Structures are given as C-alpha cells and as structure tokens.
Engineer: 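First, the structure itself, so that you have it in front of you.
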Amino acid sequence: MAKRETPLLDQLESGPWPSFVTDIKRQAETKPECWDILGILELSYKERITHWKHGGIVGVFGYGGGIVGRYADVPELFPGVEHFHTIRVAQPASKYYTSANLRQLMALWEKYGSGMTNFHGSTGDIILLGTRTENLEPFFWDLTHDMGQDLGGSGSNLRTPANCIGESRCEWACYDTEEACHSMTIKYQDEIHRPAFPYKFKFKFSGCPNDCVASIARSDISVIGTWRDAIRIDQAAVKEYVAGNYPANGGAHSGKDWGKFDITKEVINLCPTDCMWMEGAELKIDDKECTRCMHCINVMPRALRPGLDKGASLCVGAKAPILDGAQFATLIIPFVKMSKDNDFEELVDFIEKVWDWWMEVGKNRERVGETMQRVGLPTFLSVMGVTPIPQHVKEPRSNPYIFWREEEVEGGFTRDIDEFRAKHKA
Amino acid sequence: MGYNPQKPMEGRISDLGPPYYENFFPPVIKANKGKWLWHEITQPGVLMHKSETGDEVYSVRVGCPRLVSVEYIREVCTIADKHCDGFLRFTTRNNIEFMVDSRAKVQPLLDTLASYGNKYPVGGTGAGVTNIVHTQGWVHCHTPATDASGVVKAVMDELFDYFTSMTLPAQVRIALACCLNMCGAVHASDIAILGIHRKPPMIDNKRISGVCELPLAIASCPLGAVKPAKAIVDGVEIKSVKVTVERCMFCGNCYTMCPAMPLADPEGDGIAILVGGKVSNRISAPKFSKLVIPFLPNTTPRWPETVSAVKKILVAYAADAKKYERIGEWAERIGWEKFFEKCDIPFTEKSIDDYRLAYDTWRTTVQFKFTSHIK
C-alpha cells in the first residue's frame, strides 16, 4: 500500500496533546495498511462524511458477539481497509496489565490485524481495530490457546462488565468491585458470547457513590457501594484540616488560591442533609440523616472514612437517550451485602430475576429501563418481589390515576346495571 | 500448530473470560488491597495512596489518545518495564497510570515521560480537565455525524493547560459521542460534545428489499415517522417505506435497523453541545447534560467553532463557580438563564424540550435514608 497524502489530517499533528495521526503514521512504517486508514479518514475529513458501510455479520464459530463487522464503502480506493472488523477482547478488572501480557497481545495484533487499537472501548473492552474476515478464527485460536484470553460482548447480549478501581487502590470502596466484576463476568460467559436477550445488557460496579465507572448513567444493573453505619471520624485529623495542615480534597484544588480551608463553609454547609456540626474542635455527624453523598469524605480523606457495615445499592435501568430519552438507573434494592464468600448470592439472585422477567416481556431492542417504564415501577417491583418503599421514588406521584386491582376493592368490579338503575333513573 | 480451517471445531477453546486481575497487580497493590487509608495529589497528575501498612503507591497519570498503535503500546510497556517492574494500568477515562512504590521513583519516571516530548502528558487529576472519553467517529463507525479522535485532539490542544493543572472549581468531565446512539454515553457529562444529524433519511429503494425487514424499520421510529409505502424500481412495484419529514427528529434509529435508509450528510451533520451533567452522587444527585448549543458545523480538520464553544463555557465556569461546584450545580445555582448570559450562548427554542417522558419521580440516586421501610 502506498503512502497517502493527508494534508487535512497533517494539521492534527501540531499542538500539545498527543496526536493519533502521528502515531498512525509511525505504525504505517511497519504496517502499510495504516496508510489506508489515514487515507480513508482523510477522505472523510475532505467530504465530511463517513466511508464505512453499514453492517456485515462476521464472528467466530460458537459466538454471537465479540466481533463487529465493518467494510469500507470505497474499497477500490483503500484496499488495505476493505475489511476492517473490530475485535473486542475482554479486559481484566480495573485494567491492570503486565507489559508481558500486552506485548503478547500486540504481537498477535501485529500478525493478524491493522496494528491499531483502542485502549479501551467505551464499555471497557480492549478494542483491536481493523482486520480481515479470514484472520478472525486464527486470531481467536491464538488468543485462547496461547494467551488464555477471550473476546468480550457485542450485540443483544451481556456486554463485558466493568468496574472502578475499587479496593486495589482506593480507600473508599465499600465492596470488592474487582472480584464482583470478575466473578460475574466468568459466571455469565454464555450470556456474554451468545446473544439471547431483547437488547444489550450492562453491569457496572462502582465501589462508592462517587461512581467512577459511571454505572448509574449507563448500566442496566448498577452496583454502587455504600454503608449503613456511621462515617468513621479521626478527630485528630479533623483538627489538622482545620489548621490547614492537610490539603482539602486530597490536594485536588492546589492549583489556585482558594483561601484558608474553612470546614464550615466547605464541608458542613455543603452537606446536602445538613447533618454535620462542630462541637468545639470536634466534628459531629448525625449518621441517621446522612445520605452518603461522599462530599465530606472527599474533602477530608484523612479524617473521614465510610463506615464498616458495607455493601451496595442495586439500581436498574440506565441507558443513553436512544430512543425514549436518557435514563439513570432507578434505586431498587437499597442495600445488599456483597461477599465473595457466598459467591455474591444476593446479587446473582437479583440479576437472574431481572433477566427472567425481561427476557419474557422485553420487546426487541428494548433496554430493561424502557421495559420498566412501559410496565411501570410498581409492576416491576412486584415481579421482582420487592416491597415498595419511599426510597424507590424522589417523591410520591402527583396524579390520582391508580391501577387498582379488583381484589383490592371491596365487592370486586362486577356489578349489575339493572340493580343500579332501579335506584338511579337515567 | 494453530487454527485448522479444515477442522474448525477441533481443539476449540471458548468462554475463558478475562484474565484474573490479580495476576496483573504490581506487588505494592497486591500487598495493600483493601488497606488503603487516604490519598493525596502531590502534583498535577501524581497521586499518592497511603496504606495502613505504611506502604505508599505513587500513580503517575498520563493522557492517552485512546486510538493508539501497537508500537505505542509497546513504548508504554518499555516505560513500565523501566520504572514500574513491567506493570501499568488504564483508567476509565483512557488515561494510563504508571505506578511506583516510593517517592524517589517518581521524578525519574516523570523525566522519562518528558523525554518523549508531548507524547505522554502528565495530568488529569483533581480540579482540572481530564481526558475526554470518546467514540470512534469516521475512523471506524458507520453511523457517525462527526469524527471523534480529531475533535478530541483539537479540543484537548486548546484545553491542555487545564489538563496539566488543577485550577478549576471542581473536576470537569468532557465526553464526545459521534452520533445519538451515544456508545460513549455522554449524557451525564459536564460538557458533552455530540454528533447530530439534521437531514431525514433517504430511501434506497433499489436496496431496501434485500437488506431490510420493513416492519422492523417501521417499528424502529419512536415517532411513527416511518410508514409503509410502495415504490417503483425498474418498472416493478416493490414494498418500501416513506418518511414523514415533519415528524423526524433525526435520531438515526431507522438507519441502525435498515441499511437502506442512510442519513449522514456533510451539510446536515455537525455537533451539539450539552452541559451540566454528572454521575457522582456528591452533594447533588446525578444529572443529565442539557442541550445549550444545538448545532455547530463539522469544520475539519480542527472544528474551531466547537473548540471555542467548549473553551468559552469552561472559562465562564472557572471564573464564576464556587469551590467544589460542578458545572451543572453552578448552572442551577445561578439559573440557566444566567448560564446562557455568562457563557455568551444565544438561547434558542432548540433548547426547549418538546420530546417526551418525565419519569422524574423515580429516585435515580443512591441518596436515601435507612428508615423503617428498609427491612
């Protein structure tokens, strides 16, 4: 493949942020098909429109997911990207790697693919970007046999679960997000690789309400760490913050002079439930009123820590706007214990109950959050066997249109109109 | 020995799942998992976590373009081999983290990173702009309304100083999705850059019979704008669809279901800007991003209109918001009418929602109290 002229893309080589164009050009020295990636992209920059065809069903035997088919719509111009299929490789929890592992994967991709990747895709997988159909099976063979690794999900199946960094390097994790994510990923390999759902389904595991993996915004089942006892306070460290000896918010604001740290202004008055106060030099918290928003803990990480009775809240139904609008996940189970010792039994029961129902009633291409909207939250809670509590809503409904069930109304729904008319002339 | 196309199922291995994460832990992480006490950002891009064992881990965070080559990853491995015993990790926002187990090892690592020029910028921590999460765009996707990597590069060039510093009132999360499918889930970002279409789909009657299940295409439209229709192809009447243009909101869902209904267009496509979203439960509940600029053109290769719009919002926020306030909290405190004024963004009818669904009485936060209702 010949070198391509890319006058438009070349303008993305200047500036302080690292340039993907420069990187692709360097890769083209050993993988000349990269010139065709640049060539087709340059054409898109010139014409301001994509040059990839819609669809193309490719995969490896026995899997319905993990590969996304892609073909150029101008293969005669750019034969190097005529086929440009994506391979999703399941990432390890928290995306830690050894260089040995990455080098081995890169050697495979140099052999079978374009030499370009995404670290990582939006869902979390390693994305290997661009290969030909005939390379898929040989790549998969080597991936499984030589590396013991596997593909992630795509299509109407369980997508590769993802988690925040959790206990491995964060003091706020309220459960082991890595172990939960890995366990569920291994347990549900069949659901990841063989589409059997109405539409895509995502799990994301965040260790605390800061939600660094954005689970409440984009996962069908969102597992967010929380606690139900008291925030742990180190009063000596509180004094250090008040004295200005420890930087607020772990030093996150150190680039600007915000003035001396003021615990009243920066912590107590910003508490959304107004449940904190000072008694002399001591910080007090009325934990019964706390909604665990994390602000005070974020500001004073050396003084405050989540409680000890930890677990997770389970929320259901987040999605991006397509089609009926964006949804955050709705709180369904306020608190479950999350333990490897019982194989995350409560979570597994919950997941499978959601799936059993959704696979039955969900329409084609309907996310579970949309199914919930269609049937209503009371119906969803009922099929889940969850007793409705005020925590399920922000506020009670403001309309009176209740779907009373016949058995709830004395005497039932069947009445005799003649009997009625005998007493009430028309 | 490798794949044998004659016997594709022989010796096949499947359903292995991902590698066990712990095998990739640096020793200091393995030894201290679950024991971390607190952390501090010692300088922009450098985090120190302190364990109850007394151990420390220093993580140096580096911005990564996400679209990276095999050679790039090898180079990153070389850096990890030299300084981090061959361990590294990636963050949920496409940054790379190099971890070392003592303060003394930080500066040599930073020196090595600096020796590569602008390739490995250190930053993305605290009250600044971290890496933009984004989608594929024109480099790989079939439905985009804009590019992804190029827009991100242009925006990050302009915002670079915010990546390497911590001068903002709070962290600012920017995300880009190149069409309304939003595989990047940008709908809860402080600033969302979103590719949008503005022309209704064309109907490729010559192809529709072969590639499209008409009932699915018709059902795909959330507004009932796609209807059954007849068309004549080479003198023969075929079953097809038509689009009621007044009802089309350009979501592109029909094209996802039916390849014979393309809607991308150089003039029609461009970028919308949404602001004020967040996922954290900190202080206020998670929020959706709100549409404040309905359309900016795809001016390649550097999208100057988009770059300047994002910068303008950021500068206004930096000047006016209180410490800890996210963009959405700032906008709500001052009022959206003030937001438009302070950011010098003209308000148009396009920012008034005329779509559907207010399911807003459901609780979409994990803020709640353990009252007697919870058994």
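Computed over heavy atoms, backbone and side chain alike; hydrogens, waters and symmetry mates excluded. Lettering follows sequence order; numbering is per chain, from 1. Note that this is a predicted model, so its numbers are computed, not measured.
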Engineer: In terms of heavy-atom pairs under 4.5 Å with chain A, which of B:T92, B:N298, B:V139 leads?
Structural biologist: B:V139
Engineer: Picking from A:T387, A:I37, A:V213, A:L102, which has the most non-hydrogen pairs under 4.5 angstrom with chain B?
Structural biologist: A:L102
Engineer: Based on non-hydrogen pairs under 4.5 Å, which of A:K256, A:R305, A:R48, A:E167 is most in contact with chain B?
Structural biologist: A:R48
Engineer: Of the backbone (N, CA, C, O) and the side chain (C-beta and beyond), which part of B:H187 lies under 4.5 Å from a heavy atom of chain A, both, or neither?
Structural biologist: side chain
Engineer: Given a strict heavy-atom distance threshold of 4.5 Å, which part of B:P5 is in contact with chain A: side chain, backbone, both, or neither?
Structural biologist: neither
Engineer: Non-hydrogen atoms of chain A under 4.5 Å away: do they reach the side chain of B:Y116, the backbone, both or neither?
Structural biologist: neither
Engineer: Between A:R26 and chain B, with a heavy-atom cut-off of 4.5 Å, which part of the residue counts as in contact: side chain, backbone, both or neither?
Structural biologist: side chain
Engineer: Using a 4.5 angstrom heavy-atom cutoff, name the option from B:I41, B:V279, B:I283, B:T167 with the most pairs to chain A.
Structural biologist: B:I283
Engineer: Heavy-atom distances under 4.5 Å only: say whether A:D190 touches chain B with side chain, backbone, both or neither.
Structural biologist: backbone
Engineer: Count the heavy-atom pairs under 4.5 Å between each of B:G126, B:P8, B:S149 and chain A, then report the option with the highest count.
Structural biologist: B:S149
Engineer: Under 4.5 Å heavy-atom distance to chain B, tell me which part of A:W17 shows up: side chain, backbone, both or neither.
Structural biologist: both
Engineer: Which one wins on heavy-atom pair count under 4.5 Å against chain A: B:S59, B:G86, B:S165?
Structural biologist: B:G86
Engineer: Answer with side chain, backbone, both or neither: which region of B:Q171 has an atom nearer than 4.5 Å to a non-hydrogen atom of chain A?
Structural biologist: neither
Engineer: Given a strict heavy-atom distance threshold of 4.5 Å, which part of A:E134 is in contact with chain B: side chain, backbone, both, or neither?
Structural biologist: neither
Engineer: Find the one option among A:S168, A:P272, A:G251, A:S122 whose heavy-atom pairs under 4.5 Å with chain B are most numerous.
Structural biologist: A:S168
Engineer: Counting only heavy atoms closer than 4.5 Å, note whether A:F140 contacts chain B via side chain, backbone, both or neither.
Structural biologist: side chain
Engineer: Of the backbone (N, CA, C, O) and the side chain (C-beta and beyond), which part of B:V57 lies under 4.5 Å from a heavy atom of chain A, both, or neither?
Structural biologist: side chain
Engineer: What part of B:I96 gets within 4.5 angstrom of chain A, counting heavy atoms only: side chain, backbone, both, or neither?
Structural biologist: neither
Engineer: By a 4.5 Å heavy-atom criterion (distance strictly below it), what part of B:L216 contacts chain A: side chain, backbone, both, or neither?
Structural biologist: side chain
Engineer: Taking the basic N atoms (NZ, or NE/NH1/NH2) and the acidic carboxylate oxygens, is any pair closer than 4.0 Å for B:K33 and A:D176?
Structural biologist: yes
Engineer: Is A:E178 close to chain B through its backbone or its side chain, or both, or neither, when contacts mean heavy atoms under 4.5 Å?
Structural biologist: both
Engineer: With only heavy atoms counted, which part of A:I127 is less than 4.5 Å from chain B, the side chain, the backbone, both or neither?
Structural biologist: side chain
Engineer: Tell me, for A:C170 versus chain B, whether the close heavy atoms (under 4.5 Å) come from the side chain, the backbone, both or neither.
Structural biologist: backbone
Engineer: Using a cut-off of under 4.5 Å on heavy-atom pairs, state which of A:H145, A:K319, A:H193 scores highest against chain B.
Structural biologist: A:H145
Engineer: Select one option (side chain, backbone, both, neither) describing which atoms of A:I24 are under 4.5 Å from chain B's heavy atoms.
Structural biologist: side chain
Engineer: Go through the atoms of A:D73 and report whether side chain, backbone, both or neither lie under 4.5 Å from a heavy atom of chain B.
Structural biologist: neither
Engineer: Checking B:D265 against chain A: side chain, backbone, both or neither under 4.5 Å from a heavy atom?
Structural biologist: backbone
Engineer: Are any of the side-chain heavy atoms of A:E179 and B:Y21 separated by less than 4.5 Å?
Structural biologist: yes
Engineer: By a 4.5 Å heavy-atom criterion (distance strictly below it), what part of A:L8 contacts chain B: side chain, backbone, both, or neither?
Structural biologist: both
Engineer: By a 4.5 Å heavy-atom criterion (distance strictly below it), what part of B:Q136 contacts chain A: side chain, backbone, both, or neither?
Structural biologist: side chain
Engineer: Given that the side chain runs from C-beta out, which part of B:D15 has a heavy atom under 4.5 Å from chain A: side chain, backbone, both or neither?
Structural biologist: both
Engineer: Select one option (side chain, backbone, both, neither) describing which atoms of A:R302 are under 4.5 Å from chain B's heavy atoms.
Structural biologist: both
Engineer: Hey, mind stepping through A:Y97 and A:H120 against ring pair (Phe, Tyr, Trp, His ring centres under 6.0 Å) and telling me if it holds?
Structural biologist: CA-CA 13 Å; A:Y97 295 95; A:H120 292 76; 5.8 Å; yes
Engineer: So which residue, A:R365, A:R70, A:Q11, ends up with the most heavy-atom pairs under 4.5 Å with chain B?
Structural biologist: A:R70
Engineer: Counting only heavy atoms closer than 4.5 Å, note whether B:M9 contacts chain A via side chain, backbone, both or neither.
Structural biologist: side chain
Engineer: For the residue pair B:R12 and B:Y3, would you count it as a cation-pi contact if the rule is NZ or CZ under 6.0 angstrom from the ring centre and within 45 degrees of the ring axis?
Structural biologist: no
Engineer: Angle between ring planes, B:Y255 versus B:H142, binned at 30° and 60°: parallel, tilted or perpendicular?
Structural biologist: tilted
Engineer: Side chain, backbone, both or neither: which part of B:D85 has a heavy atom under 4.5 Å from chain A?
Structural biologist: neither
Engineer: Classify the ring geometry of B:Y120 against B:Y72: parallel below 30°, tilted from 30° to 60°, perpendicular beyond 60°.
Structural biologist: tilted
Engineer: Is A:V21 in contact with chain B via its backbone, its side chain, both, or neither, using a 4.5 Å heavy-atom distance?
Structural biologist: neither
Engineer: So what's closer than 4.5 Å to chain B heavy atoms on A:K363: side chain, backbone, both or neither?
Structural biologist: neither
Engineer: Under 4.5 Å heavy-atom distance to chain A, tell me which part of B:T42 shows up: side chain, backbone, both or neither.
Structural biologist: neither
Engineer: Between chain A and each of B:M182, B:K278, B:H49, count heavy-atom pairs under 4.5 Å; write down the option with the most.
Structural biologist: B:H49
Engineer: A:I40 versus B:W138: any side-chain heavy-atom pair under 4.5 Å?
Structural biologist: no
Engineer: Which one, B:H134, B:M257, B:E158, B:Q43, leads in non-hydrogen pairs under 4.5 Å with chain A?
Structural biologist: B:M257
Engineer: Return the option, out of A:T22, A:T185, A:T226, A:L41, with the maximum number of heavy-atom pairs under 4.5 Å with chain B.
Structural biologist: A:L41
Engineer: Please determine whether a side-chain nitrogen of the Lys or Arg among A:E110 and B:R74 lies less than 4.0 Å from a carboxylate oxygen of the Asp or Glu.
Structural biologist: yes
Engineer: What part of B:S220 is in contact with chain A, defined as an atom under 4.5 angstrom from a non-hydrogen atom: side chain, backbone, both or neither?
Structural biologist: backbone
Engineer: Looking at the rings of A:H253 and B:Y324, which for Trp means the six-membered one, are their centres under 6.0 Å apart?
Structural biologist: yes
